[in-house]
Amino acid sequence: QKEVEQNSGPLSVPEGAIASLNCTYSDRGSQSFFWYRQYSGKSPELIMFIYSNGDKEDGRFTAQLNKASQYVSLLIRDSQPSDSATYLCAVNTNAGKSTFGDGTTLTVKP
Amino acid sequence: NAGVTQTPKFQVLKTGQSMTLQCAQDMNHNSMYWYRQDPGMGLRLIYYSASEGTTDKGEVPNGYNVSRLNKREFSLRLESAAPSQTSVYFCASSESGGSRIVLGAFFGQGTRLTVV
């Protein structure tokens, strides 16, 4: 079992819809959780982080964390074509190392 | 404020050649990382340095060495390049928050390495 698993994708949604990206992790000692966006040919860019169970909202983005289920998700409301990218889930343990999922590619169609 | 700067951006090596990838950050971060990313895959940690003077192996350290020269700089060396090391290499840095919770990482622009 991979340490961090994401939706296999690709995911396609129409403009204005909600895109839902999911991630599960295996290490119950994980403490911090991140979502990065990576455009094709570019480096990853941090867009959300969450440490506590529940929801965290930032603009059109909402991160959700459920430590009991070892599950973290990212919701993108009112999806725009500019949101088309690969989204990487990353999980940190107390030792400070980040483990990344393989990413989910999102396409938002106009 | 440049953030994380990697050099070079592109490199072609012949099998068996050596090279060093350079990385520097100006955000005063304690932690620095080297990742590789292969097509269609996520990032795999090669080595990381939690603070100046310390380095630790990540998921895929074989064939690589690192040096944390000072707080700003963290270099990655390929002693004898192999075609399997063809990849995109990213350097990143991050700061630790309270209770040793590591904050999100900032990435350099990447080095696209081809070994022929």
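The model shown is predicted, which means the values in this text are computed figures rather than measured ones. Chain identifiers are assigned alphabetically (A, B, ...) following the order of the sequence lines, protein sequences preceding nucleic acid strands; residue numbering begins at 1 within each chain.
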Pick from Ala105(B), Gly110(B), Gly108(B) with the largest number of heavy-atom pairs that fall under 4.5 Å of chain A: Ala105(B)
Cluster link Val66(B) to Met32(B), ILVMFWY, side chain under 4.5 Å: yes
Which atoms of Gln37(B) approach chain A - backbone, side chain, both or neither, heavy atom under 4.5 Å: side chain
Contact leader toward chain B among Ala90(A), Pro44(A), Gly41(A), where contacts are heavy-atom pairs under 4.5 Å: Pro44(A)
Segment of Gln38(A) engaging chain B (4.5 angstrom heavy-atom cut-off): side chain
Option from Met27(B), Gln109(B), His29(B) for which side chain to side chain contact (heavy atoms under 4.5 Å, CB included) with Val4(B) holds: Met27(B)
Salt bridge flag under 4.0 Å for residues Arg37(A) and Glu45(A): yes
Side chain, backbone, both or neither of Phe90(B) within contact of chain A (heavy atoms, under 4.5 Å): side chain
Interchain contact, Arg112(B) with chain A, by part (heavy-atom threshold 4.5 Å): side chain
Partner of Gln64(A) under side chain to side chain contact (heavy atoms under 4.5 Å, CB included), chosen from Leu74(A), Leu75(A), Val72(A): Leu75(A)
Side-chain donor-acceptor contact under 3.5 Å, Ser84(A) with Thr107(A): no
Within 6.0 Å of OH in Tyr64(B), more than 12 heavy atoms from elsewhere: yes
Interface moiety of Leu45(B) toward chain A, non-hydrogen atoms closer than 4.5 Å: side chain
Proximity breakdown for Tyr35(B) and chain A, heavy-atom pairs closer than 4.5 Å: side chain
